[in-house]
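Order of listing sets the numbers, starting from 1, for every ligand and every atom in it.
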Amino acid sequence: MKKACELKIPFVWTDRRPIILEKFLYIPKAYDFHEQWERTPWSDPRFFGNDRPVALEYCSGNGQWICEKAKLHPEINWVAVEIRYDRARKTWLRLHRDNLPNLFIICGEASVVTRHYLPRESLSKIFVNFPDPWPKLRHAKHRLIQEPFLNDAACLAKPGCEATFVTDDAIYAAQMVEELAKSAAWRPSGKILDGESYGSSFFADLWKKKGYSIHFMDYICHQ
Ligand SMILES: C[S@@+](CC[C@H](N)C(=O)[O-])C[C@H]1O[C@@H](n2cnc3c(N)ncnc32)[C@H](O)[C@@H]1O
């Protein structure tokens, strides 16, 4: 069983750099050299060491949803992207506790990860589950789902890659649809997703308990 202290991240200012340690890619926040990273295929032994399809979840929080998926679908490689170190580390502990060799954790900002760190045309499925809604108008610029991010994500998608966006925030849901319409790569799949079988997460459970409606949007990459 792994302990949190076994994840040795180079936090010291002069030492900090992106680093891969035991199924965990750490990308520092205040760092100017992202473009120096050499993209490596998922078959690299430091990632999965095989060519199975790869599904990636952005904003994975404490990893409840993706760990469950990784258990249920060992035939797929799963990647969790989360900006907060404490949450990414919690997912890493679950990975080792539940012995999930088909899971990899990335601790980094989603736009940076997408633009600089991942192999192009390599993803079979993308999920964005409850990204922060930034409900105040003056903070809306921080929302993740905007055209530049969607275009970068399309570069990582294999042709026919599906992307599912989930939110409890009706305003953000409407904005997602607008931004997706601007990005030529993504078109609605026409699929109606069923919240019951989608899987549970901390925030999905919380919003369901409060009786909030959950918005599911499913798209396909045509690039
Ligand atoms: C509302 S929580 C949802 C967590 C999880 N998906 C769930 O359903 O329980 C949003 C998560 O996205 C993370 N996050 C917010 N902005 C991010 C970004 N730009 N890149 C990566 N993660 C981000 C937050 O740290 C937080 O853990």
Side-chain angles (χ1 to χ4, degrees), residues 4 7 9 18 24-31 34 37 55-72 78-95 98 100 103-118 123 125-136 138-153 155-156 163-173 175-176 179 183 193-218:
L7 194 53
I9 303 293
F24 192 98
L25 166 58
Y26 171 75
I27 301 168
K29 276 180 205 151
Y31 180 76
H34 296 300
W37 183 259
L56 180 143
E57 183 195 17
Y58 289 107
C59 302
S60 52
N62 63 21
Q64 181 183 336
W65 184 88
I66 200 162
C67 288
E68 205 45 49
K69 293 291 173 197
K71 259 184 242 169
L72 286 172
W78 295 86
V79 180
V81 178
E82 167 58 45
I83 196 167
R84 275 184 50 172
Y85 177 67
D86 57 339
R87 294 183 180 171
R89 186 176 59 183
K90 218 176 234 176
T91 310
W92 181 79
L93 289 170
R94 280 177 191 241
L95 177 162
D98 297 346
L100 301 170
L103 178 59
F104 189 92
I105 323 292
I106 301 179
C107 179
E109 199 283 315
S111 310
V112 169
V113 171
T114 305
R115 180 152 298 177
H116 298 288
Y117 285 85
L118 306 183
L123 299 180
K125 192 83 179 73
I126 293 173
F127 300 90
V128 191
N129 292 329
F130 301 97
D132 285 342
W134 296 100
K136 289 186 181 149
R138 69 176 188 280
H139 293 154
K141 58 178 182 284
H142 298 303
R143 288 179 189 151
L144 176 64
I145 308 305
Q146 301 194 45
E147 194 188 356
F149 169 75
L150 291 168
N151 289 339
D152 285 348
C155 295
L156 304 183
T164 306
F165 303 84
V166 185
T167 181
D168 59 291
D169 187 295
I171 294 173
Y172 197 7
Q175 186 188 351
M176 286 180 188
E179 296 294 317
S183 171
L193 294 176
D194 157 28
E196 289 311 309
S197 60
Y198 185 74
S200 59
S201 70
F202 179 83
F203 280 89
D205 294 347
L206 184 68
W207 302 140
K208 270 188 225 156
K209 247 186 240 159
K210 289 187 184 241
Y212 292 7
S213 306
I214 309 289
H215 306 266
F216 291 90
M217 288 149 284
D218 200 66

**Report entry** Contact check: Phe203 vs ligand 1, nitrogen or oxygen atoms, below 3.5 angstrom
**Finding:**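 Yes: some nitrogen or oxygen of Phe203 is under 3.5 Å from one in ligand 1.
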**Report entry** Nitrogen or oxygen atoms of Glu82 and ligand 1 under 3.5 Å apart
**Finding:**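 N/O-N/O distance below 3.5 Å exists for this pair.
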**Report entry** Test of ring centre spacing under 6.0 Å for Phe216 and Tyr198
**Finding:**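 Yes.
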Requested in this report: Please check if the distance between the ring centroids of Trp134 and Tyr172 is under 6.0 Å.
Outcome: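 No, the ring of Trp134 stays outside the 6.0 Å limit from the ring of Tyr172, centre to centre.
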Could you find the nearest protein heavy atom to [atom] and give me its residue, atom name and distance?
{"atom": "atom 19 (N) of ligand 1", "answer": "Glu109 OE2, 2.7 Å"}
{"atom": "atom 16 (N) of ligand 1", "answer": "Asp132 OD2, 4.0 Å"}
{"atom": "atom 4 (C) of ligand 1", "answer": "Cys59 O, 3.5 Å"}
{"atom": "atom 3 (C) of ligand 1", "answer": "Phe130 O, 3.2 Å"}
{"atom": "atom 20 (N) of ligand 1", "answer": "Ala110 N, 2.8 Å"}
{"atom": "atom 21 (C) of ligand 1", "answer": "Ile83 N, 3.4 Å"}

Is the shortest side-chain heavy-atom distance between [X] and [Y] below 4.5 Å?
{"X": "Ile27", "Y": "His34", "answer": "yes"}
{"X": "Thr114", "Y": "Val81", "answer": "no"}
{"X": "Pro148", "Y": "Ser111", "answer": "no"}

Report task. Have a look at His142, Arg87, Arg143 and point out the one with the heavy atom closest to atom 26 (C) of ligand 1. Result ->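 Result: the heavy atom closest to atom 26 (C) of ligand 1 is in Arg87.
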Within the 4.0 Å heavy-atom shell around [X], which atoms of ligand 1 are there?
{"X": "Asn129", "result": "3 (C), 6 (N)"}
{"X": "Phe202", "result": "9 (O)"}
{"X": "Arg84", "result": "25 (O)"}
{"X": "Ser201", "result": "7 (C), 8 (O), 9 (O)"}

Please list, one pair per line, the donor and acceptor atoms closer than 3.5 Å that link side chains of residues 206-214 to other protein atoms, with sequence neighbours excluded.
| from | atom 1 | to | atom 2 | distance (Å) |
| --- | --- | --- | --- | --- |
| Trp207 | NE1 | Asp168 | OD1 | 3.1 |

Query raised in the report: Does Ser111 reach ligand 1, in the sense of a heavy atom lying below 4.0 Å from it?
Result: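 Contact absent.
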Report task. Verify the distance criterion only: is there a donor paired with an acceptor across the side chains of Asp218 and Thr164 at less than 3.5 Å? Result ->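 Yes, Thr164 and Asp218 have a side-chain donor paired with an acceptor closer than 3.5 Å.
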Query - Trace of the side chain to side chain donor-acceptor pair (under 3.5 Å) decision for Ser183 with Asn151 - result: CA-CA 6 Å; Ser183 171; Asn151 289 339; 2.7 Å; yes
Query raised in the report: Has the side chain of Glu57 got a donor or acceptor atom that lies under 3.5 Å from a matching backbone atom of Phe127?
Result: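 A pair under 3.5 Å: no.
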